[in-house]
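Remarks on the structure that follows.
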Number of protein chains: 2
Amino acid sequence: MEKSTRYGQIQEDLKKKIQQGSYEVGDLLPSENELCAAYHVTRTTARKALQELQNEGYITRQHGKGSIVSERRNTLGLLTVRGFSETVGHEVRNVMISKPSIHDWSRDFSFSPSEKEVVSKCIHFSRLRCVGTTPVMLEESWLAADCVPSFMEQEFVDGSFFKTLSKRYMIEITGSEQEIRAVRADENVGILLHVAAKSPVLYIAVRYTTSLPGYYVYSKLYCNTDKYPIGNVYSSPK
Amino acid sequence: MEKSTRYGQIQEDLKKKIQQGSYEVGDLLPSENELCAAYHVTRTTARKALQELQNEGYITRQHGKGSIVSERRNTLGLLTVRGFSETVGHEVRNVMISKPSIHDWSRDFSFSPSEKEVVSKCIHFSRLRCVGTTPVMLEESWLAADCVPSFMEQEFVDGSFFKTLSKRYMIEITGSEQEIRAVRADENVGILLHVAAKSPVLYIAVRYTTSLPGYYVYSKLYCNTDKYPIGNVYSSPK
DNA sequence: AATCTTTACTTGTACATACAAGTTTCTATG
DNA sequence: CATAGAAACTTGTATGTACAAGTAAAGATT
């Protein structure tokens with residue numbers, strides 16, 4: 001969990017304090033110079049940490065004033081690369097709908113797998129993500145089998161797929177590309193998400209990029225956005 | 001148009017070359033050191049430009065290798081703060097559905113206007129954005145009237161709302177928060193977007209933050225995602 | 001020919017410093 | 001008392017340097 005970089009440590013430290021309520025919404029974080037003194041780093045390093053927090057939407061920064069803690073709302077902030085469990089604060093439950101198994105690369109996909117990937121076998125699994133007792137998201141994932149030996153024989157680390165990739169295979173998620181659509185729920189999706197068939201659900205096709213060049217993780221998400229809309233925060237670091 | 005910062009100039013320069021096809025998808029941009037020499041700046045400044053391009057999804061960067069030009073696909077990349085006209089490359093047409101007019105602050109909104117804003121009058125307008133001849137997005141916008149004198153008497157600069165704010169009122173868009181839902185199109189939306197009533201459309205509620213603290217721009221977007229899905233790219237600058 | 005090693009590249013992190021520019025607060029002046 | 005201005009903060013931009021670490025190609029060894 002410990003980040004290896006100085007700025008990463010400061011970043012995680014401040015994030016924890018925000019999440020725990022040491023800083024309330026609207027509060028000012030310590031200034032860059034104060035962070036320099038507290039962590040014994042230069043301003044460049046302190047700035048980097050704050051810039052990251054801004055990118056993640058935890059703070060906004062104002063020239064001449066400081067770093068202001070942003071409002072966090074009741075949304076699923078999965079438009080960044082953070083995992084589901086990490087972005088949704090409250091009680092999250094995951095139900096494995098179909099356990100990881102070898103599968104063919106399906107044809108109908110927004111992103112076409114690279115040449116490297118199609119020669120390898122493909123692992124597929126799907127999960128239902130719930131907040132409390134209400135199902136909010138059905139997630140199907142695909143990844144090439146050759147980089148994750150004995151993936152199917154073991155349970156996920158802490159129930160988290162991303163953590164499993166990181167801890168067990170040293171694969172980090174570095175970014176994502178997403179295509180978002182509003183579609184009609186088919187029968188299967190409707191039953192799982194507790195919505196009527198043909199009612200509108202959010203469909204997101206994701207290609208996650210990883211620290212392994214040319215190695216991607218693909219996901220299809222179906223979301224019931226009635227109670228929990230998808231959230232996104234963007235701050236231009238300018 | 002000209003950015004006032006060195007890194008901004010380099011950033012715009014490279015972006016232009018990517019858009020014009022001087023660099024193809026998968027190509028490597030000049031290395032940081034080459035950019036330093038070409039623009040007579042230090043690596044810090046060159047890095048900043050590349051980092052911005054990464055944030056905007058134009059490139060990905062790989063440790064030890066270089067900056068790789070990313071694939072740009074046929075999506076509406078409005079999940080960043082770039083305006084509609086800037087992100088959609090091709091022929092974009094805007095049809096003003098209802099011209100700017102004084103209005104009350106509507107109640108049913110995902111974001112509640114701040115105290116400062118409700119005392120001021122509210123300007124409202126709505127536009128239909130088309131790619132070629134197909135309507136893809138209906139946009140309704142609200143903003144407090146007191147910061148934009150004689151807003152309603154003048155035409156938009158280049159037909160762009162963001163440009164108008166920037167050029168005429170020195171207000172820059174600095175970030176956004178968004179809530180995304182899949183909803184049924186009501187009759188009005190259906191007609192304008194050329195879809196059947198009650199068919200699924202993407203609904204996005206946006207609050208744009210500006211360079212004026214406490215001053216926001218609110219938008220409601222209804223999107224037909226059949227042909228043009230909403231796109232989003234995220235690269236963690238780690 | 002195949003494999004290991006070196007070398008020359010690349011980006012990533014971190015230091016130290018300087019000045020510009022926006023915000024707030026205190027202070028002297030009217 | 002009110003106002004203008006100075007001072008003391010804040011963040012933003014930029015230079016310069018150093019070393020770490022990943023990548024790729026040339027070269028030496030087997």
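In what follows, chains are A, B, ... by sequence order, proteins preceding strands, each numbered from 1. Values below: all heavy atoms of this structure, side chains included; hydrogens, waters and symmetry mates excluded. Please read these numbers as outputs of a predicted model, since none were measured by experiment.
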May I have the step-by-step check of side chain to side chain donor-acceptor pair (under 3.5 Å) for B:Ser141 and B:Ser219, ending in yes or no?
-> CA-CA 4 Å; B:Ser141 300; B:Ser219 285; 3.0 Å; yes
Can you tell me if A:Tyr58 and A:Gln19 form a side-chain donor-acceptor pair at under 3.5 Å?
-> yes
Tell me whether the OP1 or OP2 atom of D:dT10 has a side-chain N or O from A:Asn33 closer than 4.0 Å.
-> yes
Side-chain touch B:Leu14/B:Leu35, heavy atoms, less than 4.5 angstrom = yes
note: A:Arg61, atom CZ; C:dT23, atom C1'; distance rounded to Å ~ 15 Å
Please give, in whole Å, the distance from D:dT11 P to A:Ile59 CD1?
-> 9 Å
Check the distance between D:dG12's P and A:His63's NE2 and give it to me in whole angstrom.
-> 7 Å
Any salt bridge between B:Glu140 and B:Lys220, counting N to O under 4.0 Å?
-> no
Examine A:Lys17 relative to A:Tyr23 and say whether NZ or CZ is less than 6.0 Å from the centre of the six-membered ring and inside a 45° cone about the ring axis.
-> no
Closest heavy-atom contact between A:Ser70 and A:Val25?
-> O-CG2, 3.6 Å
For DNA chain D, what residues of residues 34-47 of chain B have any heavy atom nearer than 4.0 Å?
-> B:His40, B:Val41, B:Thr42, B:Arg43, B:Thr44, B:Thr45
Would you say D:dA14 has OP1 or OP2 under 4.0 Å from some side-chain N or O of B:Tyr7?
-> no
Could you tell me the separation between the CD atom of A:Gln51 and the C1' atom of C:dG12, rounded to a whole number of Å?
-> 15 Å
How many Å lie between CD on A:Glu52 and P on C:dG12, as a whole number?
-> 12 Å
Taking NZ from A:Lys48 and P from C:dA16, how many angstroms apart are they, rounded to a whole number?
-> 19 Å
Separation of D:dT17 atom C1' from B:Glu32 atom CD, nearest Å, is 15 Å
Between atom NZ in B:Lys65 and atom C1' in C:dG12, what is the gap in whole Å?
-> 17 Å
According to a strict under-4.0 Å criterion, is A:Thr5 in side-chain N/O contact with OP1 or OP2 of C:dT13?
-> no
Looking at B:Glu139 and B:Arg129, does any basic side-chain N land under 4.0 Å from a carboxylate oxygen?
-> yes
